[in-house]
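Bear in mind that the values here come from a model prediction, so they are computed numbers and not experimental data. Just so you know, these numbers use all the heavy atoms, side chains as well, and skip hydrogens, waters and symmetry mates. First listed ligand is number 1; within each ligand, the first listed atom is number 1.
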Amino acid sequence: MESLNRVEISRTALRHNFLLLRKQAADATVMVMVKADGYGHGMIECAKVFSELGACAFGVAEAVEGVRLRQAGFTEPVFVLAGILPEIVPALFKYNLTPVVVDDWVLPELSRQAQEHNREIGLHLKTDAGMGRQGCLFEQVSAIVQQINRLPGLRLEGIMAHFPMADDRESQNTSRILSRFHRIIATAREYIPEDCRLHIANSGGLLYGIDTNLDMVRPGISLYGCYPNGEQGGRDAKGDKLQSVMRFVTRVIQLRRVPAGTGLGYGHIFTTSRPTTLVVLPAGYEDGYLRCLSGKSSVLVKGQRAPVVGRISMNLTLVDVTDLDGVQPGDEVVLLGRQGEEGITADEIAGWMGTINYEVLCLFGNLNNRVFVD
Ligand SMILES: *Cc1c(COP(=O)(O)O)cnc(C)c1O
């Protein structure tokens, strides 16, 4: 038995986006970011699609997500980008996950357990080239690299950084961060193994940056069909465009006709000014259709836009369909995605909510029943 609210994920669009990004990556390998349950799209199912097309590695935030990938049978390298505490280390060995370390704190424990397992563990080092969030500082890198070389059982396989403003095409920040990263590498060059791989590009770096690909790229949001800077991302020089992957659909559960002057829902924030036909939807903030969308958003009914009226509540939302013909209980209503000729994008919803497309996808995708289509 399933909810009347449903998030549909298009495998065809996932494939299209992966292939487009892999072309952009050129000689760099592609680590697909599948954290946050694949940005709300379902980590395991998305990983299957990317794996079949030759993704070289998966990126997750916490080790627990990597464990899920291993339990689902994936054999590609899995990078754990956040949260390597000593208590996590046994899982790294058991499930063959690659830690991204951010300082020297956990290195002795990694080395100790590597020796205990009689194994070598590959790791990547995250540097702070100007993101200002996580990673080791410029002046620490050389010493940490030397420490990794010295400690038995550890092998430095990669060094990375992250861009803070790669979504902004106009900003000079990305090229500044990139050259800072190259200077960081230079300070430790003599200690860095030959085959150590360098990587820095997220979607913004990959799509808009210059010479940011290095040895590996780490796209996330673009795999899921959104541009990191919203819709102005547009198409690339060849006219290729990312395809949106997610639709969020619900159904009409009641059709109501109310007279002019009817206050609607909690707080009566909207009162009808004409005889009004309303549809009731079984979706609300519990489903990620947040209360702050009240009075701002539109949905698609019969392929046409209709405004949400009154306050969105936990499980119910009202839509004014007075101007539409032939609406029936049971009809499909689209909250995100296309219906007929019309479409509502994650960027449009993000604008109504005062946030970014990333948050809309995580919210809708991770709070609703997902079904894979095509
Ligand atoms: C999430 C993440 C990415 C992917 O970023 P997008 O903007 O979604 O492409 C890349 N690198 C790191 C370190 C990340 O945390």
Engineer: Give the residue, atom name and distance (to 0.1 Å) of the protein heavy atom nearest atom 12 (C) of ligand 1.
Structural biologist: H162 CE1, 3.4 Å
Engineer: Determine whether more than 12 heavy atoms belonging to other residues, nucleotides or ligands lie under 6.0 Å from atom CZ of R256.
Structural biologist: no
Engineer: For I221 and ligand 1, does the shortest N/O to N/O distance drop below 3.5 Å?
Structural biologist: yes
Engineer: Could you point out which residue of T322, L318, L278 forms a side chain to side chain contact (heavy atoms under 4.5 Å, CB included) with V258?
Structural biologist: L278
Engineer: Any side-chain to backbone donor/acceptor pair from T272 onto T262? Under 3.5 Å, distance only.
Structural biologist: yes
Engineer: For ligand 1, is there an N or O atom under 3.5 Å from any N or O atom of G220?
Structural biologist: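 Yes - when backbone and side-chain N and O of G220 are compared with those of ligand 1, one distance drops under 3.5 Å.
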Engineer: So is Y39 polar-close to ligand 1, meaning N/O to N/O under 3.5 Å?
Structural biologist: yes
Engineer: Would you say S294's side chain and C292's backbone share a donor-acceptor pair under 3.5 angstrom?
Structural biologist: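 Checked: no pair found.
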Engineer: List the closest protein heavy-atom neighbour of atom 7 (O) of ligand 1: residue, atom name, distance to the nearest 0.1 Å.
Structural biologist: Y358 OH, 2.7 Å
Engineer: Determine whether a donor-acceptor pair (N or O, by modelled atom type, separation under 3.5 Å) exists between the side chain of N315 and the backbone of P282.
Structural biologist: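 Looks like no, no N/O pair under 3.5 Å.
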Engineer: Distance under 4.0 Å to a non-hydrogen atom of M160: what atoms of ligand 1 satisfy this?
Structural biologist: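 Per the distance check, 13 (C).
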Engineer: Tell me: protein heavy atom nearest atom 10 (C) of ligand 1, and distance?
Structural biologist: R218 O, 3.3 Å
Engineer: Is it the side chain (CB and beyond), the backbone, both or neither of L206 that lies under 4.0 Å from ligand 1, heavy atoms counted?
Structural biologist: neither
Engineer: Any N or O on K35 sitting closer than 3.5 Å to an N or O of ligand 1?
Structural biologist: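 By distance alone, the answer is yes.
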Engineer: Is any side-chain heavy atom of F270 less than 4.5 Å from a side-chain heavy atom of R311?
Structural biologist: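 No, side chains not in contact.
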Engineer: Is T317 reaching over with its side chain to a backbone N or O of I312, donor-acceptor style, under 3.5 angstrom?
Structural biologist: no
Engineer: Check ligand 1 against P219 and write out every atom of the ligand that is under 4.0 Å from a heavy-atom position of the residue.
Structural biologist: 9 (O)
Engineer: Suppose we measure from atom 9 (O) of ligand 1 to each protein heavy atom; which comes out shortest, and what is that distance?
Structural biologist: S203 OG, 2.5 Å
Engineer: I'd like to check which ligand 1 atoms, numbered from 1 as shown, lie under 4.0 Å from a non-hydrogen atom of L81.
Structural biologist: 13 (C)
Engineer: Is there a side-chain contact between H182 and L214, using heavy atoms and a 4.5 Å cut-off?
Structural biologist: yes
